[in-house]
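Heavy-atom basis, side chains included; hydrogens, waters and symmetry copies ignored.
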Amino acid sequence: PEPGPVLRLRHCGAAIFCRRPPPLCPACGRPLRGAGLAAAPVRLPCPFRHGHRQRRALLLRPAAGSFLGTCETIFSSAICCSLFSGVVYNYDEEGIHRDETGWEQCISVPLVQPDMFELLQQWDKLLEEFSVGEAWLPHRYEEHDYNCYTYALAFINSILTAQGKQQMSKSEFTEKFVIPQTKNASKYITLHQELTTKDFYIVPLPDQENQG
């Protein structure tokens with residue numbers, strides 16, 4: 001069964017994470033009803049999306065397994081790709097793949113804003129033409145230096161060039177598209193893992209957030 005949502009509430013100087021809101025504070029034992037707005041449970045948004053339902057996005061997933069099903073360091077082996085009409089384009093040692101399944105739990109980073117009408121219309125064609133180039137033949141693949149990140153960045157840079165914009169370096173690409181998303185996901189995974197073995201996960205709050 002799918003795990004329940006992660007809930008957060010604040011009481012007695014701590015953030016309390018749980019799956020189900022408790023009647024009593026697990027830290028001090030006092031009733032939470034009537035304890036103020038901070039004690040009301042808030043559902044944390046899940047950072048993962050069904051990749052085949054995302055349009056014109058960069059997707060990240062572990063090289064093996066799923067985000068919530070592994071305790072390993074996952075982001076070092078994450079795969080990047082671009083997405084086209086529900087089919088996930090990605091590159092590995094076998095060349096270009098056009099996956100219709102397998103990307104059901106991903107981090108999704110939108111690449112095209114709704115006001116970019118021309119790019120919205122051309123995206124599918126541009127991605128397909130880009131992906132049939134000789135640059136993405138299987139023998140060119142190299143795990144650390146010419147991989148899925150190379151493919152995703154090269155496609156994004158081809159779009160930027162066509163728009164007359166400056167290309168991004170690998171470090172800029174990682175800082176802009178990968179790190180903010182993975183930091184958020186990493187925090188969520190930590191909470192998920194803590195709540196698989198206990199009912200509550202309690203984190204002291206800094207003084208400025210300490211309310212109630």
Side-chain angles (χ1 to χ4, degrees), residues 47-114 116-186 189:
F48 308 118
R49 300 288 178 266
H50 192 303
H52 298 280
R53 296 175 186 160
Q54 308 302 308
R55 295 292 184 268
R56 307 172 188 93
L58 177 76
L59 301 180
L60 308 175
R61 75 168 189 190
S66 65
F67 280 114
L68 297 180
T70 179
C71 294
E72 299 173 8
T73 303
I74 50 177
F75 299 119
S76 60
S77 59
I79 294 175
C80 292
C81 78
S82 301
L83 183 75
F84 147 87
S85 300
V87 177
V88 178
Y89 278 57
N90 55 100
Y91 176 61
D92 64 14
E93 66 274 8
E94 297 176 355
I96 294 292
H97 296 264
R98 297 165 178 80
D99 295 336
E100 296 184 8
T101 60
W103 294 76
E104 288 76 21
Q105 190 185 93
C106 304
I107 297 172
S108 175
V109 186
L111 295 175
V112 184
Q113 301 304 316
M116 298 178 176
F117 301 113
E118 188 174 348
L119 185 53
L120 287 170
Q121 297 299 319
Q122 295 180 348
W123 182 270
D124 295 357
K125 180 184 176 185
L126 291 171
L127 182 54
E128 174 60 25
E129 289 177 350
F130 178 81
S131 300
V132 297
E134 290 189 6
W136 313 116
L137 292 174
H139 72 273
R140 291 182 179 271
Y141 183 86
E142 205 286 319
E143 183 177 359
H144 299 293
D145 297 320
Y146 200 87
N147 52 25
C148 52
Y149 278 86
T150 312
Y151 168 72
L153 176 58
F155 178 67
I156 292 170
N157 276 334
S158 74
I159 297 293
L160 292 173
T161 299
Q163 294 178 325
K165 297 178 181 178
Q166 186 174 351
Q167 293 194 356
M168 283 190 294
S169 67
K170 188 173 182 179
S171 60
E172 288 173 322
F173 170 70
T174 303
E175 192 169 327
K176 181 175 181 180
F177 288 108
V178 180
I179 291 176
Q181 304 294 332
T182 54
K183 274 186 176 178
N184 182 40
S186 206
I189 291 166

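- Every pair passing side-chain hydrogen bond (donor to acceptor under 3.5 Å, both in side chains) that includes a residue from residues 167-179 is listed here, sequence neighbours excluded: Thr161-Gln167, Ser169-Ser171, Ser169-Glu172.
- Between atom CZ of residue Arg61 and atom SG of residue Cys106 there is a gap of 7.0 Å, rounded to the nearest 0.5 Å.
- Listed by chain and number, the residues in a ring-ring contact (aromatic ring centres under 6.0 Å, His included) with Tyr141 are Tyr91 (sequence neighbours excluded).
- A search for side chain to side chain contact (heavy atoms under 4.5 Å, CB included) contacts involving Leu137 returns Glu134, His139, not counting sequence neighbours.
- Between Phe155 atom CZ and Glu129 atom CD the span is 10.0 Å, to the nearest 0.5 Å.
- Evaluation of the side chain to side chain contact (heavy atoms under 4.5 Å, CB included) rule for Glu94 yields Asp92, His97 as partners, not counting sequence neighbours.
- Under the side chain to side chain contact (heavy atoms under 4.5 Å, CB included) test applied with Val178, the options Ile107, Leu60, Val109 reduce to a single match, Leu60.
- Atom OH of Tyr89 is separated from atom CD1 of Ile96 by 9.0 Å, given to the nearest 0.5 angstrom.
- Gln166 has its side chain out of reach of Leu160: every pair of non-hydrogen atoms, C-beta onward, lies at least 4.5 Å apart.
- Heavy atoms only, all atoms of each residue included: Leu59 and Val88 are closest at CD1-CG2, 3.8 Å.
- Using a 4.5 Å cut-off on side-chain heavy atoms (C-beta onward), Leu153 and Phe177 make no contact.
- For Gln163 (side chain) and Lys165 (main-chain N/O), no donor-acceptor pair under 3.5 Å exists by modelled atom type.
- Using a 4.5 Å heavy-atom threshold, the side chains of Leu119 and Trp123 count as touching.
- Counting all heavy atoms, side chain and backbone alike, Ser108 lies closest to Pro110 at O-CD, 3.7 Å.
- Ala185 and Pro47 get closest at one heavy-atom pair: CA-CG, 3.9 Å.
- Side-chain N or O atoms of Ser186 include none that pairs as donor or acceptor with a backbone N or O of Lys183 at under 3.5 Å.
- In this structure, the separation between OG1 on Thr182 and CG on Asn184 is 9.0 Å, given to the nearest 0.5 Å.
- Residues Ile156 and Met168 come closest through the heavy atom pair CG2-CE, 3.6 Å.
- Between the CZ atom in Arg55 and the CG atom in Asp124 there is a gap of 9.0 Å [rounded to 0.5 Å].
- Contacts of Arg98 classified as salt bridge (charged side-chain N to carboxylate O under 4.0 Å, His left out), with partners at least two apart in sequence or in another chain: Glu128.
- For the ring-ring contact (aromatic ring centres under 6.0 Å, His included) test, residues two or more places apart in sequence or in another chain that qualify with His50 are His52.
- For Ala154, the side chain to side chain contact (heavy atoms under 4.5 Å, CB included) partners are Phe130, Trp136, not counting sequence neighbours.
- Every side-chain hydrogen bond (donor to acceptor under 3.5 Å, both in side chains) that Asp99 has, sequence neighbours left out, goes to Asn90, Trp103.
- Gln122 pairs by the side chain to side chain contact (heavy atoms under 4.5 Å, CB included) definition with Glu118, Leu126, not counting sequence neighbours.
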